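Keep in mind that what you see is a predicted model, and the values were worked out from it rather than measured. These numbers come from the heavy atoms of this one structure, side chains and all, not from hydrogens, waters or symmetry mates.
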Amino acid sequence: MSLPRFSQDPRAAQFVQDPYPTYRHLRGHPFVMWEDLDLVVTARADLTQAILRDRRFGREPAGGHPPARPEIETFARLDRAAMLDREPPDHTRLRALVLRAFTSTRVARLAPWIEARAAQLLDQAPDGPFDLIATLAEPLPVQVIAHMMGVPLARAPDLLNWSHAMVAMYQPGREPEVERRAVAAAEAFGDYIGGLIAARARAPGDDLLSALVRAHQGEERLSHLEVVANAILLLNAGHEATVHGIANGVKALLESGQYGAAPNDAMVEEVLRFDPPLHLFTRHVREACDVVGHHFAQGKQVGVLLAGAARDPKLCPQPDNFRPARAPCPHVSFGAGLHFCVGAPLARLEILIALRTLTARFPQLRLAAPPIYANRWHFRGLNALMVRA
């Protein structure tokens, strides 16, 4: 069965600012070949859920990842040693260790610390218009994950710079300069985490990095590379998406005229559904199979459009409308199946506290300039969110 073919430059300005009409069009077919990405994709909710949960599809090719180009080997070694790009049994071993730190009970105990940091950050908001991303949405998540990992908060700016450079590697059509910056960031980040690991080996603490070091020294036997790679993954993933979750959510509340409604769990879920920070997740075909009439050969890839699935009208009525009081509506902003985001409870808590603190401190907040999305699809985030109190 031949697939419909589709062309859309993911860097085109109109698409970057509003990709949702494109996703609506793609939902007209089960699967579509997106020519610009050279990737079979789906924007349907049922197929997105099915692909993410089907063990015939995975983050690691059946025969393992092929060798990386020499010029990006430093980045690739760290990337592929992290649990996100591993399959069982390695993924099971690594994920079990990290899950111990992200239990709902342990995350809930962080609430007072997160509330205090959010309040302190808003205390520093300047008079007049200010960028909510630089003031709150960006520093809060990176400080939270640094606190959990046991990384000094003074190094938060370095973590942000390294993370931004490394995450840029996942965008389509990356240029050589992007790769050079990512490799340099991977080297610097790896060296820094390596130094912290040595310090924790001498004097462990009650933090996630110490737990990874203990696993390296104990029966679970994480390799040194796995400790470094997964520490970097947690620091990067632990804040990148949450930054945009907060900012995109505040934008939606302000633009819909619903800012000021009491933030609650339902509002957080609608924020994550309506304009999620991650729009594309890919899977390798580990075992040849047929899905709704399309044959996937082993070794190929498929992309699931998480944000397209979240606007599928089969999931909820009027999905293009932002409704903070919407009854629970399923979404896949954190993925699904084996690779469901371990940090989901923490991200939900951070978004809730950020919204509560912001509305309590600035009940009359309003936009000071039209928000513009940054040209870095498939991540969905604003260049800035200029507001005034």
Side-chain angles (χ1 to χ4, degrees), residues 1-3 30-42 47-98 166-174 178-179 182-183 186 190 215-216 220-234 236-237 278 280-306 332 335-342 378:
M1 176 180 176
S2 62
L3 287 178
F31 294 102
V32 175
M33 168 56 76
W34 192 331
E35 294 178 337
D36 306 75
L37 303 179
D38 190 26
L39 184 68
V40 175
V41 300
T42 183
L47 294 176
T48 294
Q49 287 274 8
I51 295 293
L52 292 175
R53 296 179 184 280
D54 192 328
R55 295 301 305 128
R56 295 173 297 182
F57 301 88
R59 290 290 296 173
E60 186 177 15
H65 291 287
R69 301 194 335 266
E71 58 268 32
I72 62 169
E73 174 60 27
T74 301
F75 172 88
R77 285 181 70 247
L78 287 172
D79 193 51
R80 293 172 177 180
M83 64 179 177
L84 182 61
D85 279 350
R86 307 281 284 278
E87 292 296 315
D90 290 327
H91 176 270
T92 306
R93 172 175 54 90
L94 295 168
R95 186 180 176 91
L97 293 171
V98 175
M166 294 180 72
V167 168
M169 285 287 278
Y170 306 119
Q171 297 170 223
R174 68 187 188 222
V178 169
E179 295 184 347
V183 169
H216 170 58
E220 290 154 309
R221 299 307 299 169
L222 267 71
S223 69
H224 177 79
L225 176 61
E226 287 175 331
V227 176
V228 174
N230 284 283
I232 289 175
L233 170 66
L234 292 170
N236 286 351
L278 180 63
L280 172 72
F281 218 21
T282 58
R283 287 288 188 269
H284 294 278
V285 182
R286 294 173 57 83
E287 179 184 334
C289 58
D290 294 288
V291 180
V292 292
H294 177 67
H295 180 73
F296 287 96
Q298 186 183 65
K300 296 294 185 179
Q301 281 190 291
V302 59
V304 291
L305 294 163
L306 306 179
V332 286
L338 188 68
H339 290 278
F340 181 82
C341 176
V342 296
H378 51 88

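- Under the side chain to side chain donor-acceptor pair (under 3.5 Å) criterion, D290 pairs with H295, sequence neighbours left out.
- With a 4.5 Å cut-off on side-chain heavy atoms, W34 and L280 do not count as touching.
- Under the rule for a side-chain contact (heavy atoms from CB on, under 4.5 Å), the partners of E179 that lie at least two apart in sequence or sit in another chain are R69, I72, M169, R174.
- Remark: side-chain polar atoms of T42 are not paired, donor with acceptor, to backbone N or O of V304 under 3.5 angstrom.
- With sequence neighbours excluded, the residues satisfying salt bridge (charged side-chain N to carboxylate O under 4.0 Å, His left out) with D90 are R86, R93.
- With sequence neighbours left out, the ring pair (Phe, Tyr, Trp, His ring centres under 6.0 Å) criterion links H378 to no other residue.
- The side chain to side chain donor-acceptor pair (under 3.5 Å) test applied to E35 returns R5, not counting sequence neighbours.
- When the side chain to side chain donor-acceptor pair (under 3.5 Å) test is applied to N230, no partner is found at least two apart in sequence or on another chain.
- Residues satisfying the ring pair (Phe, Tyr, Trp, His ring centres under 6.0 Å) test with F57, not counting sequence neighbours, are F296.
- D79 pairs with exactly one of L233, D85, I232 by the side chain to side chain contact (heavy atoms under 4.5 Å, CB included) rule, that one being D85.
- In terms of the side-chain contact (heavy atoms from CB on, under 4.5 Å) criterion, A50 has no residue partners (sequence neighbours excluded).
- Side-chain atoms of V98 and M83, non-hydrogen and from C-beta on, do get closer than 4.5 Å to each other.
- For R77, the side chain to side chain donor-acceptor pair (under 3.5 Å) criterion is met by no residue, not counting sequence neighbours.
- Two residues are said to be in side-chain contact when any heavy atoms from C-beta on lie closer than 4.5 Å; P88 and L338 meet this criterion.
- The shortest non-hydrogen separation linking G337 to R53 is N-NH1, 3.9 Å.
- Residues passing the side-chain contact (heavy atoms from CB on, under 4.5 Å) test with A229 are L78, A81, A82, sequence neighbours excluded.
- Checked against side-chain contact (heavy atoms from CB on, under 4.5 Å), R286 has the following partners two or more places apart in sequence or in another chain: E60, A62, E87.
- Checked against salt bridge (charged side-chain N to carboxylate O under 4.0 Å, His left out), D54 has the following partners two or more places apart in sequence or in another chain: R56.
- For the pair R283/L52, a side-chain contact is recorded, criterion being any heavy-atom separation below 4.5 Å from C-beta on.
- Taking 4.5 Å as the limit, every side-chain heavy atom of E71 sits out of range of all side-chain heavy atoms of V183.
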